[in-house]
Amino acid sequence: MLGPVILAASRSDKMRRFVSAAPGTKQVVARFIAGETVEQVVPVVKEAVAKGLEVTLDVVGEDITTREQAAAARDAYLELIEQLAGLGLGTKAEMSVKLSMFGQSLEGGHELALANVRPVVEAAAAIGTTVTLDAEDHTTLDSMFAIHEELRKDFPQTGCVIQAYLFRTEDDARRLSEAGSRVRIVKGAYKEPASVAHQDKAEIDKAFVRVLKILMEGDGYPMIGSHDPRLIAITQELARSAGRKLDDYEFQMLYGIRGDEHVRLAAEGHRMRVYTAYGTDWYGYFMRRLAEKPANLLFFLRSMITKG
């Protein structure tokens, strides 16, 4: 299984230097990363909306080691919101944030992350849009869910992410599927031990469907993060069974993956949101994209050979 090996490499400084210097890296990174600056990503947002799509924007970067870096990450999102304000897109352009970027792993990190993310959520609400808290490895989730609960007291539209491969997720889904909640379900893209997460792909898919059923039958707003055609079809079936209209849930897919499917689903009347990452600190995000699908890794290796 190459996935766990690649995920381990995503934490390696040596591999970071090697991949960054590889001849084909820039070409492949451009497939998954919409740009390095907010000025570069705004045209991408406009183009997506013109196609009938929606976006959630992620300023990539997770290796925060100082409070100053955490504050800089907060300010990068505030700059993004300032740029979005002039577009008047409302919820068509929301944001996804990783609390690790806001200092969650530092001393006093829970309070620090909450203090840094709150002004981002406030600024997003002021321009009529929302923020979703991304899930990271299992050791961070209790803090993430507590921050999510605290933010929802003033900003009930704040979303969060749950990961199907974790054993705890069915219980989390039941707790979160209340009226007004916004919950994104994904399979999971971090290397987790067998003590807390399914390791077999078939078991992960089964867990995804179980969790999806809980969300569809609940009172919240499910956001389905998957490129899997079978899971997309199951989503549509479960939505019909639950009596949900097309605007009572949405699909979410990654920028650079299955672009034709993005447009097809939107044309059918579905809400289709593209997870669009940008920024200079792309390595961890990029490596997880390679780990998720062997075809992505093969594309990268072919590019290295072609350019080499």
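Count residues from 1 along the sequence.
Under a hydrophobic-cluster definition in which Ile, Leu, Val, Met, Phe, Trp and Tyr are linked whenever side-chain heavy atoms come within less than 4.5 Å, directly or via other members, Y221 and F155 are assigned to different clusters. Note: the hydrophobic cluster containing V59 also contains V45 (ILVMFWY, side chain heavy atoms under 4.5 Å, direct or indirect links). Taken together through direct or relayed side-chain contacts under 4.5 Å among Ile, Leu, Val, Met, Phe, Trp and Tyr, L151 and V131 form part of one hydrophobic cluster. Transitive grouping of hydrophobic side chains (ILVMFWY, heavy atoms separated by less than 4.5 Å) keeps V186 and V196 in distinct clusters. Follow the hydrophobic side-chain contacts under 4.5 Å out from L246 and you never reach V263; the two are in separate clusters.
Pairing each heavy atom of R184 with each of G225, the nearest pair is CG-N, 4.4 Å. Closest non-hydrogen pair, H138 versus P193, comes out as CE1-CD, 4.0 Å. Nearest heavy-atom pair, I204 versus Y165, reported as atom, atom and distance to 0.1 Å: CG1-CB, 3.8 Å. I257 and H227 get closest at one heavy-atom pair: CG2-CD2, 3.6 Å. Residue H262 comes nearest to L53 through the heavy atom pair O-CD2, 3.4 Å, listed as atom of the first residue, atom of the second, then distance. Between M101 and V60 the shortest heavy-atom distance is SD-C, 4.1 Å.
A heavy-atom distance below 4.5 Å is not found between the side chains of P222 and V183. A 4.5 Å side-chain heavy-atom check between E94 and L57 finds every atom pair outside the cut-off. Here the side chains of Y190 and T139 are not in contact, with every heavy-atom distance at 4.5 Å or above. A heavy-atom distance below 4.5 Å is found between the side chains of L231 and V209. In this structure, T276 and T56 have side chains that are not in contact, with every pair of non-hydrogen atoms separated by 4.5 Å or more. Side-chain contact between M272 and K51: absent, with no pair of heavy atoms (C-beta onward) separated by less than 4.5 Å. Taking the side chain as every heavy atom from C-beta outward, L80 and L84 approach each other to under 4.5 Å. Annotation: side chain of L166 is in contact with side chain of E192 (closest heavy-atom distance under 4.5 Å).
In this structure, the side chain of Q69 engages the main chain of T65 through a donor-acceptor pair within 3.5 Å. Without hydrogens or angle criteria, Q40 side chain to E36 main chain gives a donor-acceptor distance under 3.5 Å. Listed for the S181 side chain is a donor-acceptor partner under 3.5 Å among the backbone atoms of L176. When atom types are taken as modelled, the side chain of H148 and the backbone of T158 share a donor-acceptor pair closer than 3.5 angstrom. Looking at D75, its side chain never comes within 3.5 Å of a backbone N or O of A72 through a donor-acceptor pair. Between the side chain of E170 and the backbone N or O of R210 there is no donor-acceptor pair closer than 3.5 Å.
Atom OG of S96 is separated from atom CE of M223 by 7.5 Å, given to the nearest 0.5 angstrom. Atoms CG and OG, on D172 and S177 in that order, are 11.0 Å from each other to the nearest 0.5 Å. Distance CE/M253 to CD1/I224: 10.0 Å, rounded to 0.5 Å. The line from OH of Y275 to CD of Q252 is 9.0 Å long, rounded to the nearest 0.5 Å. For the atom pair T169 OG1 and K187 NZ, the distance stands at 14.0 Å (nearest 0.5 Å). Note: Q163 CD to L141 CG = 6.0 Å, rounded to the nearest 0.5 Å.
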Using residues 212-220 as the side-chain source, report each donor-acceptor pair under 3.5 Å to any protein atom, sequence neighbours left out, with the distance given to one decimal.
| unit_1 | atom_1 | unit_2 | atom_2 | d |
| --- | --- | --- | --- | --- |
| K213 | NZ | E217 | OE2 | 2.7 |

V117 and V97: CA distance, side-chain angles, deciding distance, side-chain contact (heavy atoms from CB on, under 4.5 Å) verdict: CA-CA 8 Å; V117 76; V97 304; 3.9 Å; yes
Audit row: T130, Q157, side chain to side chain donor-acceptor pair (under 3.5 Å) steps and yes/no: CA-CA 6 Å; T130 58; Q157 71 275 25; over 6 Å; no
Intermediate values then yes/no, side-chain contact (heavy atoms from CB on, under 4.5 Å), V49 and E54: CA-CA 6 Å; V49 173; E54 303 181 28; over 6 Å; no
Side chain to side chain donor-acceptor pair (under 3.5 Å) between E237 and S241, worked out: CA-CA 6 Å; E237 181 181 339; S241 297; 5.4 Å; no
side-chain contact (heavy atoms from CB on, under 4.5 Å) between R74 and V120, intermediate numbers included: CA-CA 7 Å; R74 174 203 63 205; V120 174; 4.0 Å; yes
Audit row: K191, D137, salt bridge (Lys or Arg N to Asp or Glu O under 4.0 Å) steps and yes/no: CA-CA 8 Å; K191 187 178 185 300; D137 74 81; over 6 Å; no
Verdict with reasoning, Y77 to D58, per side chain to side chain donor-acceptor pair (under 3.5 Å): CA-CA 9 Å; Y77 273 97; D58 173 15; 3.3 Å; yes
Salt bridge (Lys or Arg N to Asp or Glu O under 4.0 Å) between R67 and E107, intermediate numbers included: CA-CA 9 Å; R67 286 176 172 258; E107 184 176 356; over 6 Å; no
side-chain contact (heavy atoms from CB on, under 4.5 Å) assessment of V42 paired with L87: CA-CA 9 Å; V42 164; L87 302 181; 4.0 Å; yes
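Comment: D200 does not engage K206 in a salt bridge, judged by the lack of any side-chain N to carboxylate O separation of less than 4.0 angstrom. The residues R273 and E250 are annotated as salt-bridged, a charged nitrogen and a carboxylate oxygen being separated by less than 4.0 angstrom. By the 4.0 Å N-to-carboxylate-O rule, D171 lies too far from R168 to be salt-bridged with it. Salt-bridge check for R264 with D260: failed, with every basic side-chain N at 4.0 Å or more from each acidic carboxylate O.
Ring-centre distance between F251 and H270: below the 6.0 Å cut-off.
Every pair tested for side chain to side chain donor-acceptor pair (under 3.5 Å) that includes a residue from residues 78-91 fails, sequence neighbours excluded, so the list is empty.
Cation-pi contact between R175 and F145: present, with separation from the ring centre below 6.0 Å and deviation from the ring axis of at most 45°.
Other residues, nucleotides and ligands contribute over 12 non-hydrogen atoms within 6.0 Å of the CD atom of E203.
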